[in-house]
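Contents: one structure, followed by commentary.
Side chains included, hydrogens not; waters and symmetry mates left out as well; all remaining heavy atoms used. Note that the structure is a prediction, hence the values are computed from the model and not measured.
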Amino acid sequence: MKIDKKVKTDVLVVGSGLSGIKVSKELADQKHHVLLATKMKVASGSSFYPLKASLGTQVSKDKKDEQTFLSDIEELSRGMHRQDLAEVYVQEIAERVKEYQDIGVKAKKLEGERKACFAPHSRDIYLLSDWDQIRENVRGIFAQYGHLAIMEKTVVITLIKNAERIVGALLLDEKNDLVLVECKAVILATGGFGSIYKHNLNPNDVDGSGHILALEAGASLVNMEFIQFIPGITTPRYKTLFGEHTLMYCHDVIDENGESLLDSFLPKGLSKKECLEIRSTHGPFTHSLESKYFDIAMMKNIISSRNERGFQLLYDQELYENAEEFYTVYLNWLKEKNIHLVENEIRIAPFAHASNGGVYIDTYGRTGMDGLYAIGELSCNIEGANRLGGNSTGACMVFGKRAAADCGEYIRKTEEYEISEEEQLAHLEKLFRASHNNKEIIGHEYKNLEEQAHHVIDRIKEIMWYDGNVVRTEKQLIQALQEIIILESQLNVRLIFQQPTTRKLAIKVKNFMKLSQILLQSMLERRESRGAHYREDYPYEDPVFEKRLFVSEPQAGTLQFTFLNQ
């Protein structure tokens, strides 16, 4: 293998969702040379998921509300958030929301104040929508900068270090050529990892690649077990985002036999109406509220029946009489998709959606590795075991701005470094150091290897869906880990990578095998239930585990899991 191209820039930004767009423009405004690499097209990832009506941003009302907002975050985090990151957010989001227009995003303030998902107090909410128009706006804005280059359909496969600082990266471009990028800094903004689950509400490029890049470069991951699962529509249009607020007008959820799903799960003293009303106030599943039985009932039924069709919701016509903007925007958007919640048969099921955990950062997005930053959903941001609605989009703006400011200073005082051919090859070799050579498959054609890799990816998605979803047990998690380890031992990723047409596939399957083990082991380590993490065999929050779980890789191929009070 050889390097096909070489590119030199000040900073490489990886990912083109809200955080990648924000940080790229900020750095370009500072006159730095920026290369933006994205797996798909500009303005992609979960920020621009097509089957959702809008995104919201929750904003502090005033100085007095900042402390209230902070208390809201602290309460819902269940001890798993970072106070300094939360403080920065509540103090700066009111200014950052004004800058949406600078990156081509129209942010429309809802009339009056409203409680965001999980939020006990009302405040200003800004809605973002019309992804196609935003994408067009972003392209127009970026075209004005001669020193901002874009590489679409490009995968970053490894970061290159020298003397404990980032000096470059290896990429696979649109033609699957190997590209060496020499740079002073890398900002990862690759989003979450929802697509590692069979049923998810993410584009396919949201695959956890940034988590593996950061971990292998020396950064730590934290809170990886706290994954948001939210109801998504399975019928009549699969993978459509479900508006949980409509559950206020739902009187039951039924199974294939027309029987109520909740009757056998609700504890004494909690009515069906009360459960559904509480569940209407938040999108993701949480163990922290009594509405948890809604999601647990669905997932338990799926695990026992292996039926993934979803469960039917029975709505009252009064739903369409609510003229509040938060309802009308969503219901009108559904009509455009030919979905009517009362007239159609509506089925839902839990879908993987977003990660509350990610790369450990400070208030400027620094990872602890010189020249490496992580922002957006990829980072372990202000949230903890639960995330308040509207904070993820806002955090892209707040920490995108802060990372750009710090990175700009870092670039100005950092010398360029020329990466030798020997270092390039060493990094390629290191990429597959842990790859197992299986003599039985070495002689097979690449077509067979490609089929095997696709099978492993599909099997991991299936395993994660059934064993790492809402309901988790030690038995499930151990069996899942054991099967993935066997799959890994039978696949020769090195050979798949040697064929140019299957290089991106090789990187994806390598990342999936590693990330799935990180997620399952994190779930196994936390022997309690807290927020988004529910262990059926440990159904209560345990003060012993009021620590954050850190994942590191002290040496290639060796993962370390440590509970720390930081």
Side-chain angles (χ1 to χ4, degrees), residues 11-30 32 34 36 45-47 55-60 66 69-70 73 77 80-100 102-103 105 107 126 128 166 185-192 206 210-211 213-214 219-223 354-384 387-411 548:
V11 59
L12 170 66
V13 175
V14 189
S16 66
L18 281 175
S19 56
I21 292 167
K22 174 63 173 172
V23 79
S24 296
K25 185 180 183 301
E26 290 284 336
L27 285 162
D29 285 339
Q30 295 178 41
H32 296 299
V34 179
L36 173 63
S46 293
S47 299
L55 277 170
T57 300
Q58 187 177 189
V59 178
S60 307
E66 286 179 9
F69 198 169
L70 203 56
I73 294 169
S77 82
M80 296 294 110
H81 76 304
R82 273 271 300 282
Q83 186 76 1
D84 56 347
L85 298 179
E87 287 175 358
V88 163
Y89 181 88
V90 302
Q91 291 165 8
E92 298 186 7
I93 184 55
E95 286 302 310
R96 296 293 81 77
V97 78
K98 298 173 185 176
E99 297 171 0
Y100 271 126
D102 298 339
I103 58 170
V105 176
Y126 288 77
L128 323 180
I166 298 296
V186 171
I187 299 179
L188 297 174
T190 53
V206 182
H211 297 76
L213 286 171
S220 295
L221 308 177
V222 65
N223 283 357
S355 170
N356 288 356
V359 181
Y360 183 78
I361 61 168
D362 69 6
T363 57
Y364 288 94
R366 295 177 292 211
T367 64
M369 174 62 58
D370 286 349
L372 181 61
Y373 299 77
I375 54 175
E377 189 186 335
L378 166 68
S379 69
C380 181
N381 217 286
I382 62 176
E383 50 276 349
R387 172 196 290 164
L388 272 69
N391 287 0
S392 55
T393 52
C396 291
M397 300 297 286
V398 169
F399 294 97
K401 180 94 168 183
R402 292 176 71 85
D406 190 85
C407 184
E409 287 298 315
Y410 177 83
I411 289 169
R548 308 207 312 161

Between NZ on residue Lys22 and CG on residue Asp102, distance to nearest 0.5 Å: 6.0 Å

Residue pair Thr367 / Ala219: nearest heavy atoms and the distance that separates them: CB-CB, 4.0 Å

Ser60 side-chain N/O to Ala94 backbone N/O, donor-acceptor pair under 3.5 Å: no

Donor-acceptor contact below 3.5 Å, side chain Thr393 vs main chain Gly56: yes

Flag side-chain contact, heavy atom, 4.5 Å: Phe69 against Asn391: yes

Exercise: identify the closest heavy-atom pair between Val206 and Ser46: CG2-OG, 3.5 Å

Leu70 side chain reached by Val90 side chain, heavy atoms, under 4.5 Å: yes

Side chain Gln91, main chain Glu66, donor-acceptor under 3.5 Å: no

Residues Lys25, Ile21; criterion side-chain contact (heavy atoms from CB on, under 4.5 Å); working and verdict: CA-CA 6 Å; Lys25 185 180 183 301; Ile21 292 167; 5.6 Å; no

Step-by-step side-chain contact (heavy atoms from CB on, under 4.5 Å) determination, Val359 to Leu372: CA-CA 11 Å; Val359 181; Leu372 181 61; over 6 Å; no

Point-to-point distance, once rounded to the nearest 0.5 Å, from OG1 of Thr363 to CG of Leu85: 7.0 Å

With Met397, the side-chain contact (heavy atoms from CB on, under 4.5 Å) member among Val23, Ile103, Val97, Thr57: Ile103

Min side-chain heavy-atom separation Arg548-Cys380 under 4.5 Å: yes

Residue pair Ser392 / Arg387: nearest heavy atoms and the distance that separates them: CB-NH1, 3.5 Å

Residues Lys401, Glu92; criterion salt bridge (charged side-chain N to carboxylate O under 4.0 Å, His left out); working and verdict: CA-CA 10 Å; Lys401 180 94 168 183; Glu92 298 186 7; over 6 Å; no

Minimum heavy-atom distance between Ala374 and Ser379, given as atom pair plus value: O-CB, 3.6 Å

Side chain proximity check, Ile73 to Ile382, heavy atoms < 4.5 angstrom: yes

Where Gly390 and Tyr89 come nearest, the two heavy atoms and their spacing: O-OH, 3.3 Å

N/O donor-acceptor pair under 3.5 Å between Arg82 side chain and Ile361 backbone: yes

Point-to-point distance, once rounded to the nearest 0.5 Å, from OH of Tyr373 to CG of Asp362: 8.5 Å

Leu12 and Ile187, any side-chain heavy atoms less than 4.5 Å apart: no

Glu383 backbone acceptor or donor facing Asn381 side chain under 3.5 Å: no

side-chain contact (heavy atoms from CB on, under 4.5 Å) between Leu378 and Thr190, worked out: CA-CA 6 Å; Leu378 166 68; Thr190 53; 3.7 Å; yes

Backbone of Ala405 reached by a side-chain donor or acceptor of Glu26 within 3.5 Å: no

Point-to-point distance, once rounded to the nearest 0.5 Å, from CD of Glu377 to CG of Asn356: 8.5 Å

Heavy-atom pair of closest approach, residues Cys396 and Leu18: CB-CB, 3.9 Å

Side-chain donor/acceptor of Asp406 to backbone N/O of Arg366, under 3.5 Å: no

Donor-acceptor contact below 3.5 Å, side chain Ser355 vs main chain Gly192: no

